[in-house]
A.B. asks: 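So that we are looking at the same thing, I have put the structure below in structure tokens.
All values reported here derive from a predicted model rather than from experimental measurement. Counting starts at 1 for both ligands and their atoms, following the listed order.
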Amino acid sequence: MTIIENREHNIAARDDVADRLIAGSTRRSYNSLVDIDWDAPQDPDVFYMPRETISLYGTPMWNAMTHRERVELSRQECANMLSRAVWFENTLNQGLLQVMLHQDPTSRSVHYSLTEIGDETRHMIMFGKAVAAIGAKPYRLSLTEALAVQAFPFAYRGLMLWVAALCGEETIDDTQRTYLHSEDLQPIIAQVMRIHVAEEARHIRFAREGVRRRVQRASWLDRQFAATANGAAGFILQRLFYDKRVYERCGLDANEAMRQARANEEVSARRRAAFENLYQFLEENGLTNPISRLTWKYFGFL
Ligand SMILES: [Fe+2]
Ligand SMILES: [Fe+2]
């Protein structure tokens, strides 16, 4: 195959995937404004997260808490996770929009990107509404954090845009799937997660396809950057996992709670499991190297 034929073949394959995803989005998209019963009653004894995903689950601190205190911890951690999801999706949308300035506006792949941005903006509304609905206050970014997060879209270049999307979406998706099988979960949160898992499945397919296609024609430098920089996601995801403010709002000793949460083997095992599929995919595509492997390992994902 000549270079031009190869390029045309790649574009046709990309458009084919985009067409299928656009059709899927038309058939199955949700609008949380009408698809979620926001006024559904909330039983004060029911958890806001599957209990095994709560950072302190099984620790001495957890064992000393009453049932209602545990439920409150799940409510605060849930609000924290939802707040973080809002800004992550914000950065992804910015990345997609920036790349689009260099793309053909008639291409189906661009049309699917725009569809995905639409999904994400609806998700951001849904997450914001969910925080309010469960009666929690949002966890806002500090000025320094907001400035750091503002820089993310500039690192989403070439291959890295798709790798970054997968690092955020796949690890979180794995955790969210545990919500679908949890019997002891607030109905509002169960509905939010059902919608999110269904729509994110398309985004993950698109990002995986983006990685597979780009990795073939990416420059050595582009591949090396993505293979090294994905390890930074380990640092960010680990940082996201624990937030002192959650424990403060629950009236717990925040330093001790952080210590016990970080040492919690139960939760660490879950985190490693959540990363497994993505790690395999990165390996298959030559997108890991000693630096990123070391970083993922250091932050407890390997
Ligand atoms: Fe989303
Ligand atoms: Fe997404």
A.B. asks: Once you measure the plane-to-plane angle for Trp62 and Phe47, does it fall in the parallel (<30°), tilted (30-60°) or perpendicular (>60°) bin?
C.D. replies: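 Parallel, since the angle between the ring planes stays under 30°.
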A.B. asks: Quick one: the ND1 of His123, the Fe ion (ligand 1), NE2 of His196 angle, rounded to 10°, please.
C.D. replies: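 Vertex at the Fe ion (ligand 1): approximately 90°.
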A.B. asks: Which of the N/O/S atoms in Glu120 sits closest to the Fe ion (ligand 1)?
C.D. replies: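 Minimum-distance N/O/S atom of Glu120 relative to the Fe ion (ligand 1) is OE1.
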A.B. asks: Test side chain to side chain donor-acceptor pair (under 3.5 Å) on Gln98 and Gln94; report intermediate values, then the result.
C.D. replies: CA-CA 6 Å; Gln98 283 187 18; Gln94 289 187 48; 4.8 Å; no
A.B. asks: So which N/O/S atom does His203 have closest to the Fe ion (ligand 2)?
C.D. replies: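 Within His203, restricted to N, O or S, the Fe ion (ligand 2) is closest to atom ND1.
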A.B. asks: Is it the case that Tyr298 and Gln238 place a side-chain donor and acceptor less than 3.5 Å from each other?
C.D. replies: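 No.
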A.B. asks: So what does the Glu89 OE2 - the Fe ion (ligand 1) - Glu200 OE2 angle come to, to 10°?
C.D. replies: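 OE2 of Glu89, the Fe ion (ligand 1) and OE2 of Glu200 span an angle of about 120°.
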A.B. asks: Looking at Glu169, pick out the N, O or S atom nearest to the Fe ion (ligand 2) and give its name.
C.D. replies: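 When I compare the N, O and S atoms of Glu169, OE2 is nearest to the Fe ion (ligand 2).
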A.B. asks: For residues Asp104 and Val110, determine if any side-chain heavy atom of one lies less than 4.5 Å from a side-chain heavy atom of the other.
C.D. replies: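 Not touching, per the 4.5 Å side-chain cut-off.
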A.B. asks: Test salt bridge (charged side-chain N to carboxylate O under 4.0 Å, His left out) on Glu265 and Arg272 and set out the steps.
C.D. replies: CA-CA 10 Å; Glu265 192 34 52; Arg272 287 193 295 274; 2.8 Å; yes
